[in-house]
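What follows is a short report on a single structure.
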Amino acid sequence: MSKQKITFSDIAKYTNFSKTTISRYFNNPDSLTEKNRSIIKKALDDLGYQENKIAQVLAKGQTEFIGIIIPNLYLHYYSAILNHILTSYSDNHYKFLVFLGDDDIELERQYIQELQAYNIQGLITLSHTIPSEELASYNIPIVSIEREAQFISSVNTDNHLGGVQATSHLIKNNCDILIHINNFVNEDIPAYGRIAGFKTISSDSDIPYQIYQKDLGSNYSEISQSITQLFKEIDKNYAGKRKGIFLANDTYANIFLNAVFQKYGCLPDNYKIIGFDDSPIASEAILPLSSIKQDISKITETALDILQGLIQEHRKTKGKQQTIQHREVAPKLIKRNTTD
């Protein structure tokens with residue numbers, strides 16, 4: 001039979017089941033026994049049946065679309081998160097509509113309007129641009145990752161613990177000066193915990209410390225220039241000292257490491273460098289970087305689990321209720337060649 005011409009009647013005749021039973025297989029499979037589901041599935045394979053997704057959407061009034069708003073792809077953490085979300089298709093069969101926010105609030109609002117026009121089932125956002133109170137007003141299931149989330153559900157790494165782990169490791173490397181490099185981060189952003197963790201441990205030690213927190217730029221080229229300039233400043237100001245450098249993410253750490261190599265042709269013993277995220281760039285750098293591992297697999301798995309629950313709740317309550325959940329995932333220190 002031609003795939004396009006196979007009907008419920010054809011499947012019913014092939015299996016000796018009623019058309020009602022075949023309909024239940026597609027719309028309420030749990031109402032059938034596992035044996036009967038297996039019989040129907042085999043029949044579909046034998047007949048070469050191909051689902052009409054458009055007809056299914058029109059009949060149910062529900063799509064399988066999930067929206068994703070991500071700030072950028074030049075920070076390796078975001079691309080790693082996106083990769084894990086997209087490869088979850090085999091587990092949940094969601095289709096993802098991905099937009100790059102690029103720190104443009106009006107553009108992101110347009111994205112959300114377009115996503116709503118596609119009748120998305122839910123939204124995952126990593127962007128910091130739109131406040132969570134506004135996101136909650138759109139009345140769609142939303143889960144955020146590593147952003148302010150007072151009014152919506154969230155999954156974050158325990159960033160404070162990660163900052164503590166990184167700084168403690170640099171202290172054990174017998175550094176004379178502890179340095180943290182970061183962008184401007186508001187205290188309500190989870191990543192601020194990296195700064196707070198650095199301050200907690202540094203202030204409790206006898207080692208001098210310095211925080212370089214500044215606007216590093218809005219694209220890779222600008223960030224590279226800013227961090228390279230900071231390296232030159234640090235190299236000059238702390239000449240002869242054993243410098244422990246904790247950078248806000250692995251992309252920053254890799255840029256700093258490259259700047260060191262460009263000047264010295266190696267990583268001198270008076271530089272100890274650690275990043276954050278344990279994104280692929282950490283292990284693939286010119287010298288593999290020590291890092292604080294964010295469990296990206298666990299983060300994305302947790303975010304999708306929460307979102308699925310919110311979607312089910314949204315359907316049951318017809319959008320009148322959305323339980324807010326906040327989960328944290330523990331980080332882990334990964335030691336590589338840029339520290340002892």
Side-chain angles (χ1 to χ4, degrees), residues 1-70 79-99 111-125 138-143 145 153 155 296-319 322:
M1 289 186 182
S2 169
K3 289 181 181 180
Q4 289 81 0
K5 293 181 180 180
I6 295 170
T7 66
F8 280 13
S9 295
D10 298 323
I11 303 166
K13 182 178 180 180
Y14 191 88
T15 58
N16 291 320
F17 290 141
S18 68
K19 286 191 289 185
T20 301
T21 300
I22 303 305
S23 178
R24 284 165 57 197
Y25 174 85
F26 287 98
N27 298 304
N28 188 18
D30 291 339
S31 67
L32 301 178
T33 66
E34 184 176 347
K35 178 181 178 181
N36 286 349
R37 289 199 302 268
S38 297
I39 292 172
I40 296 172
K41 184 181 184 304
K42 183 178 184 304
L44 298 179
D45 292 339
D46 292 345
L47 294 170
Y49 177 78
Q50 188 174 59
E51 287 184 84
N52 187 331
K53 290 290 185 181
I54 295 175
Q56 194 176 66
V57 167
L58 291 174
K60 292 184 177 181
Q62 298 172 358
T63 69
E64 297 173 335
F65 292 141
I66 298 295
I68 300 175
I69 298 180
I70 199 162
S79 57
I81 284 280
L82 183 60
N83 179 65
H84 272 73
I85 293 175
L86 296 182
T87 54
S88 71
Y89 175 82
S90 60
D91 296 323
N92 54 52
H93 297 288
Y94 286 127
K95 286 77 174 172
F96 298 100
L97 302 174
V98 183
F99 290 91
Y111 291 159
I112 291 176
Q113 288 179 356
E114 185 164 347
L115 287 167
Q116 287 181 304
Y118 277 97
N119 194 24
I120 58 169
Q121 299 297 287
L123 175 67
I124 298 173
T125 179
Y138 290 110
N139 196 32
I140 54 178
I142 299 177
V143 177
I145 298 175
S153 293
V155 182
I296 290 175
S297 178
K298 182 67 174 177
I299 290 169
T300 54
E301 177 185 320
T302 303
L304 288 166
D305 283 347
I306 293 175
L307 189 62
Q308 285 177 325
L310 293 175
I311 291 170
Q312 292 173 2
E313 180 183 61
H314 191 79
R315 291 170 182 167
K316 289 178 181 178
T317 65
K318 297 182 179 179
Q322 184 166 326

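All residue numbers in this chain count up from 1 along the given sequence.
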All heavy atoms of S31 vs all of R24, minimum pair found to be O-NH2, 2.8 Å

Go through Y14 and I6 one step at a time and tell me if the side chain to side chain contact (heavy atoms under 4.5 Å, CB included) criterion holds.
-> CA-CA 11 Å; Y14 191 88; I6 295 170; over 6 Å; no

Indicate yes or no: at least one non-hydrogen side-chain atom of P141 is less than 4.5 angstrom from one of Q121.
-> no

On a heavy-atom basis, the closest approach of A80 and I296 is CB-CD1, 3.5 Å

Under a 4.5 Å cut-off applied to non-hydrogen side-chain atoms, are L123 and Y138 in contact?
-> no

Just wondering, do N139 and H314 contact through their side chains at under 4.5 Å, heavy atoms?
-> yes

How many angstroms lie between CD1 in I66 and CG in L307, if you round to the nearest 0.5 Å?
-> 4.5 Å

Can you tell me if S18 and T21 form a side-chain donor-acceptor pair at under 3.5 Å?
-> yes

Verdict with supporting geometry, I140 and L115, side chain to side chain contact (heavy atoms under 4.5 Å, CB included) = CA-CA 11 Å; I140 54 178; L115 287 167; over 6 Å; no

Between S88 and L304 the two heavy atoms that sit nearest each other are OG-CD1, 3.4 Å

Closest non-hydrogen atom pair, S297 against H84 | CA-CD2, 3.6 Å

F26 vs F8 aromatic rings, parallel, tilted or perpendicular, using cut-offs 30° and 60°?
-> parallel

State the NZ-CG distance between K42 and D45, to the nearest 0.5 angstrom.
-> 8.5 Å

I68 pairs by side-chain contact (heavy atoms from CB on, under 4.5 Å) with which of F99, Y111, F96?
-> F96

Nearest atoms (heavy-atom pairs only) where K41 meets Y25 | CB-OH, 3.6 Å

Please test T302 against V143 for side chain to side chain contact (heavy atoms under 4.5 Å, CB included), starting from the C-alpha separation and ending with a verdict.
-> CA-CA 10 Å; T302 303; V143 177; over 6 Å; no

Side chains of I85 and V98: does their closest heavy-atom pair fall under 4.5 Å?
-> no

Could you grab the distance from atom CD1 of I120 to atom CG of L97, nearest 0.5 Å is fine?
-> 7.5 Å

Can you tell me how far CD of E301 sits from CD1 of I299, rounded to the nearest 0.5 angstrom?
-> 11.5 Å

What heavy-atom pair brings T15 and A43 nearest, and what distance separates the two atoms?
-> CG2-CB, 3.4 Å

Measure the spacing between NZ of K13 and CD1 of I22 and express it to the nearest 0.5 Å.
-> 14.0 Å

Approximate separation, where rounding is to 0.5 Å, of K298 NZ and T300 OG1 = 10.0 Å

Could you walk me through whether T7 and D10 pass side-chain hydrogen bond (donor to acceptor under 3.5 Å, both in side chains), step by step?
-> CA-CA 5 Å; T7 66; D10 298 323; 3.2 Å; yes

